[in-house]
Amino acid sequence: MTIPESIASFTFSPLSKFKGNSSIISLRNPLSFFGLRTGICLLQTVLAPFHSTSSSNCQSQRNHPRSMFEKITNLDDALILFDEMAQRQPPSSDLKFNQLLQAVTKMKHFSSSIELFKRMNALRIPFNVYTINIVINCCCKLHRTTEGFALLGYGFKHSIKPDVFIFNTLLNGLILEDKAIIAERFFKKLIKEEICDRDVIMYNTMIKGLCKCGINNKAIGLLKLMDERGCKPDVVTYNTIIDSLCKDEMVDDSLKLFKHMVLRKYIRPDVVTYNSLIRGLCNLCRWDEASKMLKEMEDERISPDVWTFNILVDALCKGGHVADAEGVIKLMIQRGKDPDVVTYNSLIDGYCLQGDMSKAKEVFDSLEFRGLIPNIVTYNSLLNGYCKKSRIEEAMHLFQEIVKKGLKPNVTTYSIMLHGLFLIGRCKDAYKLFNKMRSQNVIPDRFTYEIVLEGLCNNNEVDEALYFFHLMGENKLNSCTNVYNILIDGASLMGEAKELFTEMEKRGCLPNDVTYRVILQGFIKKEEQGMIERLLKEMEDKGFSIDASPLEMLLDQIAAKSLDGSLIKLIGKVVPKGVDSLGFKS
DNA sequence: ATAGGGTTAG
């Protein structure tokens, strides 16, 4: 296979010629993705041919909105128009009302849409199956799918027979709310009892649901099944699974599916397909392949969009190459793709990661001038930067600004702040903030709990941590292994640790390598021969290997004769393969 | 000719 010229000019840069191996360079230096010297010459080469035909002419095609409702860009105008339409004699058609409702929905004012529908009913303005679907969709987007189902009944009363659109909307609602089991039952019922026509969107929606709860195989199974049943999968079907596989770091499987789609099924990939794959490859630092993909999409006349550029900017920033990210932003502007707030959020994140808070702040301040409005993610990035540098006062100040700007701090915002407060030992303030979070109805997630528990442990508040942990009760924490690890690590009283260790298995959360490292270290410190033996045996049975740090501690203590040499045999069985220098035979 | 599905934050 030949490497495209434009990539080659970049990949086989002067340095790699000396080494005669491009992959070494790219592994060690992700920068090679964008050229060694300036960082962005690859992108320039790859992306240049399309420069003149960039999508600027797309805009001119949209000079004439299909309906006057597309002109409505803010909620107030929509509400005024509604009043006008409601008073008009003769009254506006249901078509017009639907268009208005849809315009409000497109602006994401879902509750307002529902309110308008209620007013239509109060005013006895007639509605149809489209109206009902728009409103059900609003309920679903607000995670109020139950109300969506209720509207179904309301429609029946008004002789509105639900169609496949409505059932798909509801199915999607269930999946948005993570009710996959109910969704699957609903889906099967629709199909088995032939309640409505089935179409590709119904299958796609169900496939998304399966992917969302991590059962990619089942999703692929359904993909095959729909094909067999004569419902042809389309690019969205494949995109859904391709993206899910990429997110689960199964990029090779994803690429296989991609090839299957293109070469066997003759389905043309689109920009979303490429974006998913490029993101997946970047996340695994497979830069060369990512740039090949970029080249491929250009060859296929699929123009990178703002998402594509944002993915590149984000990957570069996360890899610490902020200067290159800045270069990509210049490039995207050249190509007529205006950077959005997501672009700059990544950049802010990148500067924060480098610890360059003044640059981060500079980018943040530039948003206004660029006509962009910072969102909660923007604030979270900056907050995180300040907190990590223990600049808590500035963080606090920013936190207050969030509320002033009419934004709502979310679970991430609070978690970042809590982390910052614990970092500088302000446990009391952290506790206060935690309570404030609860009073604002922001639900802590597993990260929040981990931050609180770790924060307390690090500040020698192990008893508080344990108390807090038990207060959480049966609260289902997905990563409860992590939580136990933190607590076991924090509990210097080893009796407590032992209890937690037994308790975690009882609660169905399995110890992992971190658990064993942490608990082993504790018992080595306490020189508890018996417990160490038990743990080493258990590790051998479960196939865990010992970490470098407890191993070193163990050997030191054996050498100092504070632990018995008979342990050596057991240790040999849990030393990871490849550690031969220590003279163990496994 | 007015409704439904796929890609980015700690």
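Convention: sequence-line order gives letters A, B, ...; per-chain numbering from 1.
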Report the distance from atom [atom1] of [X] to atom [atom2] of [N], rounded to the nearest whole Å.
{"X": "A:E454", "N": "B:dG10", "atom1": "CD", "atom2": "C1'", "answer": "14 Å"}
{"X": "A:F69", "N": "B:dA3", "atom1": "CZ", "atom2": "P", "answer": "12 Å"}
{"X": "A:Y130", "N": "B:dA1", "atom1": "OH", "atom2": "P", "answer": "11 Å"}
{"X": "A:L353", "N": "B:dA9", "atom1": "CG", "atom2": "P", "answer": "16 Å"}
{"X": "A:I160", "N": "B:dA3", "atom1": "CD1", "atom2": "C1'", "answer": "12 Å"}
{"X": "A:L407", "N": "B:dG10", "atom1": "CG", "atom2": "C1'", "answer": "16 Å"}
{"X": "A:I72", "N": "B:dT2", "atom1": "CD1", "atom2": "P", "answer": "14 Å"}
{"X": "A:Y344", "N": "B:dT8", "atom1": "OH", "atom2": "C1'", "answer": "16 Å"}

How would you label the contact of [X] with the nucleic acid (heavy atoms, under 4.0 Å): base, sugar-phosphate, or nothing?
{"X": "A:D243", "result": "sugar-phosphate"}
{"X": "A:I311", "result": "nothing"}
{"X": "A:N384", "result": "sugar-phosphate"}
{"X": "A:D199", "result": "base"}
{"X": "A:V164", "result": "base"}
{"X": "A:D94", "result": "nothing"}
{"X": "A:S381", "result": "nothing"}
{"X": "A:K388", "result": "nothing"}
{"X": "A:K212", "result": "nothing"}

Compute whether any side-chain donor of one residue and acceptor of the other, for [X] and [Y], lie under 3.5 angstrom apart.
{"X": "A:Y351", "Y": "A:E326", "value": "yes"}
{"X": "A:T169", "Y": "A:N137", "value": "no"}
{"X": "A:T131", "Y": "A:N128", "value": "yes"}

Which listed nucleotide ([options]) is nearest to the side chain of [X]?
{"X": "A:I416", "options": "B:dG10, B:dT8, B:dT2", "value": "B:dG10"}
{"X": "A:S276", "options": "B:dT7, B:dA3, B:dG10", "value": "B:dT7"}
{"X": "A:F447", "options": "B:dG10, B:dT2, B:dT7", "value": "B:dG10"}
{"X": "A:N128", "options": "B:dA3, B:dT2, B:dG10", "value": "B:dT2"}
{"X": "A:T412", "options": "B:dT8, B:dA3, B:dG10", "value": "B:dG10"}
{"X": "A:V129", "options": "B:dA3, B:dA9, B:dT8", "value": "B:dA3"}

Going by heavy atoms in the side chains, are A:R370 and A:V363 under 4.5 Å from each other?
-> no
Residue pairs meeting ring pair (Phe, Tyr, Trp, His ring centres under 6.0 Å), one or both in residues 373-399 of chain A, sequence neighbours left out, come to A:F364-A:Y379, A:F399-A:Y414
Go through the steps to decide whether A:D270 and A:T273 satisfy the test side-chain hydrogen bond (donor to acceptor under 3.5 Å, both in side chains), and finish with yes or no.
-> CA-CA 5 Å; A:D270 62 11; A:T273 325; 2.9 Å; yes
Compare the ring of A:F165 with the six-membered ring in the base of B:dA3 and state whether they stack (centres under 5.5 Å, planes under 30°).
-> yes
For the side chain of A:D349 and the base of B:dG10, is some donor closer than 3.5 Å to an acceptor across the two?
-> no
For the pair A:K247 and A:D243, evaluate salt bridge (charged side-chain N to carboxylate O under 4.0 Å, His left out) and give the outcome as yes or no after the intermediate values.
-> CA-CA 6 Å; A:K247 281 201 178 120; A:D243 188 66; 3.0 Å; yes
Can you check salt bridge (charged side-chain N to carboxylate O under 4.0 Å, His left out) on A:K292 and A:E289, steps first, answer last?
-> CA-CA 5 Å; A:K292 258 182 225 167; A:E289 288 161 272; over 6 Å; no
Between A:E177 and A:K141, is there a salt bridge with N-O shorter than 4.0 Å?
-> no
At under 4.0 Å, does any side-chain N or O of A:K247 touch on OP1 or OP2 of B:dT8?
-> yes
Would you please confirm or rule out a distance under 4.0 Å between OP1 or OP2 of B:dT2 and any side-chain N or O of A:Q99?
-> yes
Using both pair distances under 3.5 Å as the test, note the stems of at least 3 consecutive Watson-Crick or G-U pairs that include DNA chain B.
-> none
